[in-house]
Amino acid sequence: ILQLVLGLCLGCLVLAAVLARAFTQPINAMSAAAANFAKGQPAGDLPVERQDEIGELARSLQQMQHQINHNLSQLQSNQQALEHMALHDVLTGLPNRRLFVSQLEKAMIHARRYGGEISVLFIDLDDFKDINDRYGHDTGDLVLKAVAQRLLAMMREGDTVARIGGDEFVVMLGAATTHPQL
């Protein structure tokens with residue numbers, strides 16, 4: 001009887017060890033995958049092929065990782081779009097006042113440091129209100145877009161054209177220009 005009890009106990013221990021290993025290995029793999037994912041590293045292999053609760057949990061974890069990656073990608077894309085909108089005029093796509101002032105400050109620091117000059121042109125469209133009043137805001141928007149495109153076409157690389165509001169544009173020339181002697 002003692003041998004039978006010892007044999008059954010030994011068999012139960014072996015069975016318990018096999019079952020424990022069958023459950024702890026995949027759980028440890030999922031735990032390691034979650035830790036790696038949290039660190040921004042590849043998650044690693046998950047026991048998604050299993051047809052039990054552990055496999056279902058692994059598939060859910062994998063789906064959650066894909067959804068989080070997708071959401072992060074969308075968030076980064078939206079953030080880039082918001083940053084662009086914060087620094088550019090919506091109608092013309094030109095830099096706005098905030099971006100222009102930032103670039104002007106940098107150019108002034110550079111000019112002071114290296115003894116250069118800065119040329120800034122202020123452009124205000126005369127009687128623009130009359131265009132909006134007579135032909136409508138859609139036509140006024142087309143005029144603003146056309147002016148922006150013409151200004152861009154006339155500038156050199158390194159020059160900055162910005163719309164600072166309404167019918168007002170500013171141009172900062174990238175390098176000192178020489179003026180002909182009269």
Side-chain angles (χ1 to χ4, degrees), residues 33-44 46 48 57-182:
N36 287 341
F37 183 74
K39 294 176 188 174
Q41 300 171 349
L46 293 171
V48 294
L57 181 62
R59 286 186 293 280
S60 296
L61 181 61
Q62 187 177 50
Q63 182 180 6
M64 182 181 69
Q65 289 172 346
H66 290 306
Q67 186 64 42
I68 289 171
N69 285 333
H70 175 73
N71 290 349
L72 284 175
S73 176
Q74 279 187 325
L75 184 62
Q76 288 171 342
S77 176
N78 291 344
Q79 182 179 359
Q80 290 171 351
L82 285 174
E83 287 173 3
H84 185 268
M85 288 173 58
L87 298 174
H88 292 82
D89 177 57
V90 176
L91 180 65
T92 63
L94 293 175
N96 64 12
R97 179 187 306 263
R98 176 182 289 154
L99 181 56
F100 179 77
V101 168
S102 173
Q103 290 177 345
L104 180 61
E105 288 172 351
K106 290 176 186 174
M108 290 172 58
I109 290 169
H110 186 269
R112 265 189 242 120
R113 182 177 294 155
Y114 298 107
E117 295 178 349
I118 299 171
S119 298
V120 177
L121 309 173
F122 181 80
I123 302 163
D124 182 57
L125 304 181
D126 290 337
D127 301 320
F128 181 74
K129 184 180 180 318
D130 293 342
I131 293 172
N132 275 337
D133 291 344
R134 178 179 266 172
Y135 301 105
H137 290 281
D138 290 339
T139 302
D141 288 349
L142 291 173
V143 170
L144 291 172
K145 289 177 186 179
V147 168
Q149 290 305 311
R150 288 184 183 189
L151 287 172
L152 283 172
M154 295 183 336
M155 296 304 135
R156 305 165 298 172
E157 186 178 344
D159 294 343
T160 300
V161 179
R163 179 174 175 220
I164 59 172
D167 62 345
E168 298 173 342
F169 295 86
V170 178
V171 177
M172 179 176 56
L173 302 177
T177 58
T178 58
H179 302 284
Q181 298 295 329
L182 299 177

Checklist line | Check against side chain to side chain contact (heavy atoms under 4.5 Å, CB included), Ile164 and Phe122 | finding: CA-CA 10 Å; Ile164 59 172; Phe122 181 80; 3.7 Å; yes
Next item on the list: Apply side chain to side chain contact (heavy atoms under 4.5 Å, CB included) to Ile68 and Phe37, showing your working.
Entry: CA-CA 10 Å; Ile68 289 171; Phe37 183 74; 3.7 Å; yes
Next item on the list: Start with the C-alpha distance between Asn71 and Gln67, add both sets of side-chain angles, then the distance that settles side-chain hydrogen bond (donor to acceptor under 3.5 Å, both in side chains), and finish with yes or no.
Entry: CA-CA 6 Å; Asn71 290 349; Gln67 186 64 42; 3.1 Å; yes
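Of all the heavy atoms in Gly140 and Asn132, the pair that sits closest is CA-OD1, 3.3 Å. Across all their heavy atoms, Ala148 and Leu94 have their closest contact at CB-CD1, 3.5 Å. Between Val120 and Leu104 the shortest heavy-atom distance is CG2-CD1, 3.9 Å. Phe128 approaches Asp167 most closely through the heavy-atom pair CB-OD2, 3.3 Å. Heavy-atom minimum distance, Met155 versus Val171: SD-CG1, 3.5 Å. Nearest heavy-atom pair, Ile131 versus Thr139, reported as atom, atom and distance to 0.1 Å: CG2-CG2, 4.4 Å.
Going from atom CD of Gln80 over to atom CG of Leu75 covers 10.5 Å, rounded to the nearest 0.5 Å. Atoms CZ and CG, on Arg163 and Leu151 in that order, are 12.0 Å from each other to the nearest 0.5 Å. Asp124 CG to Asp127 CG: the interatomic distance, rounded to the nearest 0.5 Å, is 9.5 Å. Atom CZ of Arg97 and atom CD of Glu168 lie 7.0 Å apart (nearest 0.5 Å). Separation of atoms CG (Asn96) and CG (Leu87) is listed at 6.0 Å; rounding is to 0.5 Å. Considering CG of Leu61 and CE of Met64, their distance stands at 4.5 Å, rounded to 0.5 Å.
Atom OH of Tyr114 has 12 or fewer heavy atoms from other residues, nucleotides or ligands within 6.0 Å. Other residues, nucleotides and ligands place no more than 12 heavy atoms under 6.0 Å from the CD atom of Gln63. With a 6.0 Å radius and a threshold of 12 heavy atoms from other residues, nucleotides or ligands, Met85 has its CE atom at or below the threshold.
Ring geometry for His84 versus His88: interplanar angle under 30°, hence parallel rather than tilted (30 to 60°).
Of the possible donor and acceptor atoms, one in the side chain of Arg59 sits under 3.5 Å from a partner among the backbone N and O of Val48. Side-chain atoms of Asp89 never come within 3.5 Å of backbone atoms of Ala162 as a donor-acceptor pair (strictly under, hydrogens ignored). Judged by distance alone, the side chain of Arg112 and the main-chain N or O of Gly115 form no donor-acceptor pair under 3.5 Å. A distance-only check finds no donor-acceptor pair linking the side chain of Asp138 to the backbone of Asp141 [under 3.5 Å].
Looking at Phe169 and Leu121, their side chains never come closer than 4.5 Å, going by heavy atoms from C-beta outward. Leu82 is not listed as a side-chain neighbour of Gln79, based on a closest heavy-atom distance of 4.5 Å or more.
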